[in-house]
Amino acid sequence: MHERLAESAGRLKNNIFCYVTVACLLVMLYVVLLQGGGAIAGCNVAVIGLMLLNFIIAITCLWREMQQAPFSLAQVHWVFYATFFSIAPASQYLTNIWPWGIAPTDSELIIANIIVLIWGIIFQALRHALNCKRPICEHNIGEEVENGTCIKLDDRNSSAVTFVALIAFVTTVCVTGIGNLVFRTEAAIQFESTAVGLFMSVFPRGIMVAAAIGMLANFIQSRNYPIKTLFVVSFTIITCLPTALARFNVAAIYLGILIVISNKLRTTKGLYIFLLTGGLIVAYPILDAFKYVNSSDSVETILGAIAKCVSAGYSTPNYDAYSILIWGLRYIEDFGITYGAQLLGALLFFIPRSIWNGKPIPTGQLIFETYQYPFTDISCPLPCEGLMNFGLLGSAVFALIYALLTYYLDRKNWSNDSRSKPSAWSICIKMYYPVLLSLSFYMLRGALMNTMTFVGGYLAAFMAIALLISATSRKPEEVDELGHEDVKSN
């Protein structure tokens with residue numbers, strides 16, 4: 001009896017944040033249903049039933065994924081799925097308040113729910129099949145974290161990383177302006193070429209974030225190079241203030257750094273995804289307010305903007321993924337699919353329009369420009385991207401591809417590289433993965449062409465730092481000759 005109680009207590013302790021995360025999502029749904037209680041009686045049973053079915057699938061699959069590893073891209077996917085494809089649309093349906101003024105019919109809602117359902121089933125089926133064959137984490141979690149996420153630096157490559165981070169810091173300050181690093185609304189230098197704008201904004205910040213994560217990962221393990229680490233982290237914080245960046249960027253950078261420095265976060269099941277869910281409830285609406293204020297506004301104005309964003313709930317464009325899916329269905333009905341043109345534009349995002357005159361615009365922008373909306377900076381979730389490119393088959397293929405990519409990256413992160421000198425790609429993944437977790441949330445919301453700018457730009461930056469570390473690292477025999485008597489003071 002005592003052994004059984006002890007076993008139950010141990011299981012509860014190991015999964016406490018898993019339970020809390022699921023409880024948070026259940027409470028979010030309960031509040032939505034409670035607020036719309038009077039409208040439920042008049043709802044279409046198929047519509048609300050499919051929304052609840054999608055939520056149940058999301059919660060069930062999220063729980064299974066949380067048992068596989070402390071955090072993963074699949075877990076982020078299911079939190080997005082539950083929030084943006086079930087909770088938010090249920091709230092919008094029950095209150096009849098939809099982002100961007102759309103008034104969907106019951107048949108459109110049923111079709112949208114079925115598309116979401118198909119996406120979820122395909123994603124989970126492939127992930128489950130791959131996990132049964134080769135789990136993303138085959139060893140003890142603690143051992144994986146201790147040995148598998150470390151970046152080992154020496155005096156040579158740590159100096160090289162610090163120097164490159166300094167160049168990136170100066171570049172960012174010169175481009176943005178020292179006085180324009182606090183608020184998102186402050187002016188910055190504009191570039192005619194999107195490719196040049198990408199290089200001059202995303203890439204330098206990515207370099208600093210990659211350098212900070214590499215230096216911190218090394219310092220956490222060996223306590224080497226504290227001064228260099230402090231400099232690099234300071235560069236990153238100064239140029240990446242939370243009030244000056246988009247919300248996905250804030251989560252990507254700071255939750256990524258938190259994963260690197262917190263052993264508890266790297267080893268506790270459900271803790272990361274709990275923080276992400278909490279951020280959706282609290283930080284997501286608060287940080288949205290900083291799109292509408294600047295340094296000249298009073299404290300009262302800023303607090304008023306925050307209160308307005310928090311009180312708006314799920315009716316704002318912040319939760320428009322489901323609505324855009326319906327817009328996509330209407331576009332296809334009126335104009336047909338794009339036969340891969342949008343996907344090609346996203347994959348070749350780095351080619352300037354001055355070279356490619358017919359380069360597609362982001363999918364959300366395409367939809368809203370076609371229907372002559374004045375505001376066209378619109379998201380477009382991945383299932384809708386698949387639909388717009390190749391119809392229902394495209395959405396299914398996108399789900400398959402996304403499941404494969406997330407499985408590969410999850411497994412790559414949680415596996416050990418036993419080589420004495422890991423490849424640059426292995427180093428890149430170890431550093432990039434903590435940042436990619438939150439970036440993947442942004443990619444799921446879309447639009448794909450916009451997200452590829454950041455996902456691809458950051459990947460290029462992290463790969464550059466990984467190549468630098470690999471190219472400038474000392475050979476094992478050089479380290480043995482030098483010894484380690486002076487490294488901790490650098």
What distance separates L52 CG from N113 CG, expressed to the nearest 0.5 Å?
9.5 Å
Do M463 and W425 come within less than 4.5 Å of each other through their side chains, counting heavy atoms only?
yes
Determine whether a donor-acceptor pair (N or O, by modelled atom type, separation under 3.5 Å) exists between the side chain of R353 and the backbone of G358.
no
Kindly indicate whether the side chain of I378, heavy atoms from C-beta on, has any atom under 4.5 Å from the side chain of I367.
no
Within this structure, what is the NE2-CZ distance for the pair H77 and R127, rounded to the nearest 0.5 Å?
9.5 Å
How many angstroms lie between CG in L448 and CG in L347, if you round to the nearest 0.5 Å?
7.0 Å
Provide the closest heavy-atom pair for N413 versus I429 in the form atom of the first, atom of the second, distance.
N-CG2, 4.4 Å
Between the side chains of S72 and Y272, does any donor sit under 3.5 Å from an acceptor?
no
Would you check if the side chain of Q92 reaches a backbone N or O of Y314 as a donor-acceptor pair within less than 3.5 Å?
yes
Which atoms form the tightest heavy-atom contact between T363 and Q342, and what is the distance?
OG1-NE2, 3.2 Å
Determine the interplanar angle of the F454 and F248 rings, folded into 0 to 90°, and report it as parallel if under 30°, tilted if 30 to 60°, perpendicular if over 60°.
perpendicular
Is it the case that the ring center of F84 lies less than 6.0 angstrom away from the ring center of Y322?
no
Which heavy-atom pair separates P317 from P99 by the least distance, and what is that distance?
CA-CB, 4.0 Å
For G456 and F349 the tightest heavy-atom approach is CA-CZ, 4.0 Å
Heavy atoms from other residues, nucleotides or ligands near OH of Y339 exceed 12 (cutoff 6.0 Å):
no
Are K412 and Y433 side-chain neighbours, meaning at least one heavy-atom pair lies under 4.5 Å?
no
Counting only N and O atoms by type, is there a donor-acceptor contact under 3.5 Å from the side chain of N44 to the main-chain atoms of V47?
yes
Quick one: pull up CG in D106 and SG in C43 and give me the separation to the nearest 0.5 Å.
8.5 Å
Angle class for the Y81/W78 ring planes (parallel below 30°, perpendicular above 60°, tilted otherwise)?
perpendicular
With heavy-atom distances below 4.5 Å as the criterion, would you say the side chains of S438 and V250 are in contact?
no
Once rounded to the nearest 0.5 Å, what's the spacing between atom CG of L265 and atom CG of L255?
7.5 Å
Could you check whether atom CZ of R64 has more than 12 heavy atoms from other residues, nucleotides or ligands sitting under 6.0 Å from it?
no
Taking the side chain as every heavy atom from C-beta outward, state whether M66 and K269 have any pair of such atoms under 4.5 Å apart.
no
Looking at side-chain heavy atoms only, is the closest gap between I253 and R205 below 4.5 Å?
no
Would you call the rings of F368 and W100 parallel, tilted or perpendicular if under 30° counts as parallel and over 60° as perpendicular?
perpendicular
Centroid-centroid under 6.0 Å between W327 and Y371 rings:
yes
If only atom types and distance count, is the side chain of S262 paired as donor or acceptor with the main-chain N or O of I259 below 3.5 Å?
no
Measuring from I361:CD1 to N450:CG, what's the distance to the nearest 0.5 Å?
10.5 Å
Heavy atoms, side chains only, cut-off 4.5 Å: are D320 and S379 in contact?
yes
Between F462 and L436, does a side chain to side chain contact (heavy atoms under 4.5 Å, CB included) hold up when you go through it step by step?
CA-CA 11 Å; F462 275 76; L436 183 61; over 6 Å; no
